[in-house]
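Right, one structure below, let's go through it.
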Amino acid sequence: MTFDDLKPKITALIADSSSKDRTLQLICNLLKAEIPHYDWVGFYFKNGNKNELKLGPYSGTPTDHTIIPFGKGICGQVAVSNQNFVVPDVKAQDNYIACSISVKSEIVVPLFVNGKNIGQIDIDSNTTDPFTDADERFLEFVCQMVATLM
Ligand code: SME
C-alpha cells in the first residue's frame, strides 16, 4: 500500500479512537503490515518527569529496551535533538542500541504536542538504506495525527 493510500486509514483510526493505546497499537500493526520495509514499528514517550523514554505500543519482535535514557541510542538522541534521524546503516553508528541482529537501518521521527517533543515513532528495517524523504513526510503526518490524541 502506498503512503497516499495509508494516510486516510490513519485519519480514520484517529477519528474512531476510543482508547489512545489501542489506536497507537492499530497504527503500528497497519504500518508494519502494509509497508514492506517496516519490520518493527513502535512509539516511545517521555517517561513522566524523567529524562528517559518509555516504550509504548509496538508491532514486531519484543525488545529489552523498554526504557532508553535521553541521549542514548538513536531514540535517545532524537529526544534531545528534536530532529528526524534517518540511519541508512546501523553498523555505521556509534551511539546505537541494537534490538535485533536482523535490523539494518532505522528511522525515528519526533512527536510534538504544542511544540514540545513528547515522544517519537521508531521504525526498524531489515533492509539497508530503504528510507527516503517520502518516509519522513509520511511519518511526520502520522506523528501530527497522533498528537491530536495526546
Ligand atoms: N535502535 C534504537 C533502540 C530501540 S529499538 O530499535 C526498538 C536506538 O538505537 O535508540
Side-chain angles (χ1 to χ4, degrees), residues 1-47 53-68 72-113 116-150:
M1 207 176 281
T2 68
F3 293 135
D4 280 346
D5 293 332
L6 285 166
K7 280 182 171 187
K9 295 193 183 296
I10 299 286
T11 308
L13 286 175
I14 299 284
D16 295 345
S17 176
S18 53
S19 147
K20 185 184 76 181
D21 276 358
R22 172 91 185 124
T23 302
L24 294 182
Q25 184 66 59
L26 292 173
I27 290 172
C28 291
N29 297 350
L30 178 70
L31 300 194
K32 181 175 182 297
E34 296 298 338
I35 305 172
H37 59 293
Y38 289 14
D39 293 297
W40 189 96
V41 179
F43 289 92
Y44 282 93
F45 292 100
K46 181 173 164 64
N47 190 13
L53 294 163
K54 187 176 177 200
L55 182 61
Y58 68 92
S59 184
T61 313
T63 173
D64 291 339
H65 303 289
T66 55
I67 297 286
I68 298 178
K72 300 280 186 212
I74 308 305
C75 296
Q77 291 178 77
V78 169
V80 293
S81 74
N82 306 321
Q83 309 270 334
N84 297 349
F85 199 156
V86 181
V87 180
D89 177 2
V90 296
K91 287 203 294 295
Q93 292 291 320
D94 293 333
N95 190 357
Y96 168 71
I97 301 167
C99 283
S100 153
I101 51 158
S102 51
V103 174
K104 299 277 201 305
S105 57
E106 180 164 3
I107 182 170
V108 178
V109 171
L111 200 163
F112 299 100
V113 174
K116 209 165 168 278
N117 180 351
I118 62 129
Q120 52 193 239
I121 190 166
D122 176 21
I123 316 290
D124 286 340
S125 178
N126 299 342
T127 304
T128 303
D129 198 10
F131 302 114
T132 68
D133 284 355
D135 292 89
E136 289 192 68
R137 300 294 88 76
F138 173 67
L139 294 171
E140 287 165 358
F141 170 83
V142 172
C143 284
Q144 282 160 18
M145 294 305 293
V146 168
T148 65
L149 293 179
M150 301 293 155

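Every heavy atom of this structure was used, including side-chain atoms; hydrogens, water molecules and symmetry mates were not.
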Scanning both residues in full, the closest heavy-atom pair of K104 with N126 reads CG-O, 3.3 Å
Heavy-atom closest contact (L13 atom, T23 atom, distance): O-CG2, 3.6 Å
Please examine the side chains of R137 and N84, heavy atoms only from C-beta on, and report whether any two atoms are closer than 4.5 Å. yes
I'd like to know if the side chain of E106 and the backbone of V90 have a donor-acceptor N/O pair within less than 3.5 Å. no
I'd like to know if the side chain of N117 reaches the main chain of V78, judged simply by a donor and an acceptor atom lying under 3.5 Å from each other, with no hydrogens or angles considered. yes
To the nearest 0.5 angstrom, please state how far the OG1 atom of T128 sits from the CZ atom of F131. 10.5 Å
Work out which heavy atom in A79 is nearest to a heavy atom in Q120; give both atom names and the distance. N-NE2, 3.9 Å
Only one of D124, D135, T127 clears side-chain contact (heavy atoms from CB on, under 4.5 Å) with Y38; which? D135
All pairs passing side-chain hydrogen bond (donor to acceptor under 3.5 Å, both in side chains) where residues 89-100 contributes a residue, at least two apart: S100-S102
Should the pair Y58 and W40 be assigned to parallel (<30°), tilted (30 to 60°) or perpendicular (>60°) ring geometry? parallel
Looking at I68 and C75, what are the two nearest heavy atoms and their distance? CD1-CB, 4.0 Å
Please indicate whether K46 has more than 12 foreign heavy atoms, meaning atoms of other residues, nucleotides or ligands, lying under 6.0 Å from its NZ. yes
If I compare all heavy atoms of E136 with all of I107, which pair ends up nearest, and what's the gap? CG-CD1, 3.8 Å
Please name all residues satisfying ring pair (Phe, Tyr, Trp, His ring centres under 6.0 Å) with F141, sequence neighbours left out, ordered by chain then number. none
No-hydrogen, no-angle side-chain donor-acceptor test under 3.5 Å, Q25 and D21: no
Can you measure from CG (L6) to CD (E34) and round to the nearest 0.5 angstrom? 6.0 Å
